[in-house]
2 protein chains.
Amino acid sequence: MEPVPMLLAMTYRAMGDQFHDRLRQIGLEPLRPAHGYVFRFLKAKRATTVDIGQHLGVTKQAAAKIVNELDEWGYVLREPHPTDKRAQYVTLTTKGRDYLKLADNLWSDLENEMAEAIGRDTLDAVKTGLAAYLRHVHGEDQPGLRPAW
Amino acid sequence: MEPVPMLLAMTYRAMGDQFHDRLRQIGLEPLRPAHGYVFRFLKAKRATTVDIGQHLGVTKQAAAKIVNELDEWGYVLREPHPTDKRAQYVTLTTKGRDYLKLADNLWSDLENEMAEAIGRDTLDAVKTGLAAYLRHVHGEDQPGLRPAW
DNA sequence: TCCATGTAGTCAACTTGGTTGTCTAACCAT
DNA sequence: ATGGTTAGACAACCAAGTTGACTACATGGA
């Protein structure tokens with residue numbers, strides 16, 4: 001059997017490719033994975049560019065580029081931080097939230113198809129297993145999200 | 001619960017980081033993941049540069065760069081293809097096989113620690129589950145190995 | 001209160017790891 | 001034979017990161 005990391009990489013790639021294809025079928029401009037992960041992160045918590053960089057596992061400069069793009073395209077906007085005059089909160093616009101909602105539906109479709117293919121219980125085991133491993137290696141502080149290739 | 005692809009990416013990243021750290025602890029020059037995947041591929045079957053590119057999920061030119069590096073560093077060598085005068089088989093040197101053996105040991109250490117953390121049965125479910133999914137979406141023809149970020 | 005140290009964000013230069021495009025030589029099916 | 005395809009090499013380019021430097025603001029002592 002293939003080593004775990006190869007299985008992870010191949011599955012990630014396979015799901016990502018399918019997601020990308022379906023987005024294009026719908027006719028929606030396919031943002032890169034990083035963009036989607038930013039949306040999801042912003043939905044969960046208020047965050048600055050630095051926070052986003054940390055979450056993605058890239059430098060703040062790289063994160064700033066991504067935020068700039070999302071801003072230009074109208075998916076997010078910046079608002080002043082209430083107490084820190086240096087910082088800015090990055091927040092989702094309606095367009096951003098709509099995109100995220102659509103993407104979430106697509107992902108859950110894919111996940112359901114996966115459940116159908118390998119069994120719901122196996123899928124659950126995969127998810128809880130990976131989540132448990134992540135809690136084990138890092139405590140509560142997330143690792144970088146970006147796969148280092 | 002986080003969507004599956006995020007779990008995959010985070011786990012891949014977490015394991016890769018650990019692997020990388022331990023290689024450095026040993027004092028071994030840490031090649032990139034792609035290099036290791038090439039070793040593993042070459043061990044399994046005779047392959048040309050084009051084959052390698054396909055397996056990794058990159059263009060043949062990108063694959064050629066990687067093969068060139070591995071050649072310079074003494075991990076692989078090229079030998080003429082028996083029937084096709086255009087093509088060359090890329091094969092592991094002893095140095096390459098040694099590196100792979102060491103890396104394999106490291107990976108199996110990591111996998112054992114994972115088994116300890118989440119339970120051997122859960123780990124088995126993860127592996128068989130992902131493998132089954134991959135067989136389901138692509139038939140027998142592998143997807144690209146490289147995660148598209 | 002003042003000062004030392006640290007941090008958010010921005011700008012610029014650079015590196016890396018890929019891409020596309022083009023070409024030659026060899027292959028192969030009609 | 002010959003027309004279409006393929007392996008490999010060379011070159012130009014590009015995307016997405018990096019490091020480094022700087023400004024403005026924050027924060028926690030002495």
Look at [X] and [N] and indicate whether a side-chain polar atom (N or O) is within less than 4.0 Å of OP1 or OP2.
X        : N      : value
A/Trp149 : C/dG18 : yes
B/Thr59  : C/dT19 : yes
A/Arg32  : D/dA15 : no

Report, as yes or no, whether the 6.0 Å neighbourhood of atom CD on A/Glu116 holds more than 12 heavy atoms from other residues, nucleotides or ligands.
no
A/Lys85 or A/Ala34, whichever maps to the more 5' nucleotide of DNA chain D:
A/Ala34
Relative to the 5' end of DNA chain D, which residue comes earlier, A/Lys65 or B/Tyr89, by the nucleotide with the nearest heavy atom?
B/Tyr89
Rounded to the Å, how far apart are [X] [atom1] and [N] [atom2]?
X       : N      : atom1 : atom2 : answer
B/Leu56 : C/dT19 : CG    : C1'   : 15 Å
B/Gln54 : D/dG8  : CD    : C1'   : 16 Å
B/Asn68 : C/dG18 : CG    : C1'   : 15 Å
B/Leu31 : C/dT16 : CG    : C1'   : 16 Å
A/His81 : C/dG9  : NE2   : C1'   : 13 Å

What contact category does [X] fall into here, base, sugar-phosphate, or nothing, at under 4.0 angstrom with non-hydrogen atoms?
X       : value
B/Thr48 : sugar-phosphate
B/Ala64 : nothing
B/Gln61 : base

Look at the side chain of [X] and decide which nucleotide, out of [options], has an atom nearest to it.
X       : options               : answer
B/Ile66 : D/dG17, C/dG9, C/dG18 : C/dG18
B/Val50 : D/dA7, C/dG18, C/dG9  : D/dA7
A/Arg86 : D/dA9, D/dA26, C/dG18 : D/dA26

Examine distances only and state if a side-chain atom of A/Lys95 and a backbone atom of A/Trp73 form a donor-acceptor pair shorter than 3.5 Å.
yes
Note: B/Arg22-B/Glu113 ion pair, threshold 4.0 Å (strictly below):
yes
Between A/Tyr37 and B/Trp149, is the ring centroid distance below 6.0 Å?
yes
Starting at CD of A/Gln54, measure out to CG of A/Asp51 and round the result to the nearest 0.5 Å.
7.5 Å
